[in-house]
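The block underneath contains the structure these notes are about, expressed in structure tokens.
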Amino acid sequence: MDINFELLQNAIPLLLAGAAITVEVTALSVGFGLAIGIVVSLARLGKWSFLRFLGNCYVDFIRGTPLLVQIFLVYFALPSLIGQRVDPFFAAIAACSINSGAYIAEIFRGGIQSIDKGQMEAGRSLGMTWWQTMRFIILPQAFKRIIPPLGNEFIAMLKDSSLVSVIGFEELTRRGQLIIARTYASFEIWMAVAIIYLIMTFTVARLVGLLERRFETK
Amino acid sequence: MSENLIEIKDLKKSFGNLEVLKGIDMSVKEREVVVIIGPSGSGKSTLLRCINYLEEPTGGEIIFDGIKLSGESNINAVRKEAGMVFQRFNLFPHMNVLENLTLAPMKVRNMSKSEAEALAELYLEKVGLSDKIRSYPDQLSGGQQQRVAIARALCMKPKALLFDEPTSALDPEMVIEVLDVMKSLANEGMTMVVVTHEMGFAREVGDRVLFIDGGYIVEEGSPEEVFNNPKEERTKNFLSKIL
């Protein structure tokens, strides 16, 4: 078969702009996910059983349902609840953040629980509160250990964010679909889309590796 | 202020169905060094950990410096007055020695950084580790780490120090350096409760020795009494195995 290079040349800038949006959605979602994750993991490790229960429900629900369904819930089901249309960008970020938050909560929980419990005892026995000990002693050590799984989560979200294309949000995958709808150049475009994803995930993996090594030497 | 710095009445502690402490009455006077000995599993570490509520008692009461302990509400106030030294040091590995020493004084006692650092330098000198101030815990030997841990507890200027088998995790050649620090603290009048297997230390430094077995205080008295003339069969039996 012939590869239409001229078509590719025209398509690549459009796809790259889509890739930028993919990165934006991923970064925002993992960013909000971090905030959600840390709060939820602390709630699940804390002493209030009601908060523990809520945290468990959240994590179980998100991990037990497909991201695609969660996106539909935010984009199609939420509007009938609030009586107002939801902007695709908002829906994309909200669904991905809530999804990412659950996985990151699990990552944090694992990281915090991997810290020797003597550390909490030492902090508490010096008169520090639970939260002070968490903040100054446990979390800084846990952070170091969760860099690799957080990197994995970022890469996973980079790929999974392609699902928001189904609500018409124009990130990389959706851009590819739209170009193909016009040009029928399925092979060229999907190959280009795949390669762009590959370059992004590979770059992130490398960055995480660098970060890991920097923290190790300290 | 009461005469007894620490007073424990009918203290009980169970883990599930296992009753570890079955009713302990004891007191510690100011400037007193009380050494707790006993076979492993006898509850001696649990007793010590109840004193600052690292383990929450299931019965009885603990009065520290006139304050009755009652869980979260006043526990931090008491903990900052009762320093604890652990078997496994529990230094903060992501901080250097100086940061290990200054964190709690700054966060709990609200000391300024320079105040806390001056205090840290003072106590590091006391434990003989002034040259390690910028080192990280994993760069220190076990004995050095334990001395740093003692200095860390001292930086809170506690009214009493609790030692939970402070030399049990150390190589034999490092035990001496830690015991020497503890002896000098005792000589300066620090109130200390020490759970240990170091009978030489108990004999030399202890004002009073408690022998615990099966969740009860079986025998208590001066080191001479307990070590030379134990009255109880169980004490004799225990001492014959370790002396």
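The chains referred to below are lettered A, B, ... by the order of the sequence lines, with proteins before strands, and numbering in each begins at 1.
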Given a strict heavy-atom distance threshold of 4.5 Å, which part of [X] is in contact with chain A: side chain, backbone, both, or neither?
{"X": "L91(B)", "answer": "backbone"}
{"X": "A149(B)", "answer": "neither"}
{"X": "R49(B)", "answer": "side chain"}
{"X": "F86(B)", "answer": "side chain"}

Quick one: what part of Q119(A) sits under 4.5 Å from any heavy atom of chain B, side chain, backbone, both or neither?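 Q119(A) touches chain B through backbone and side-chain heavy atoms alike.
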Rounded distance (nearest 0.5 Å) linking atom CG of L103(B) with atom CG of L98(B):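 Separation between the atoms: 11.0 Å.
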Gap between atom CZ of R109(A) and atom CD1 of I38(A) - 0.5 Å precision: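 It is 15.0 Å, given to the nearest 0.5 Å.
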Out of E81(B), M84(B), R88(B), return the one with the most heavy atom pairs under 4.5 angstrom to chain A.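 It is R88(B).
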Without swapping roles, check the side chain of S29(A) against the backbone of T26(A) for a donor-acceptor pair under 3.5 Å.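 It does not hold such a pair.
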is_close_aromatic(F108(A), Y103(A)), centroid dist under 6.0 Å: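 No, too far apart.
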Considering residues, nucleotides and ligands other than Y58(A), do more than 12 of their heavy atoms fall under 6.0 Å from its OH?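 Counting other residues, nucleotides and ligands, OH of Y58(A) exceeds 12 neighbours.
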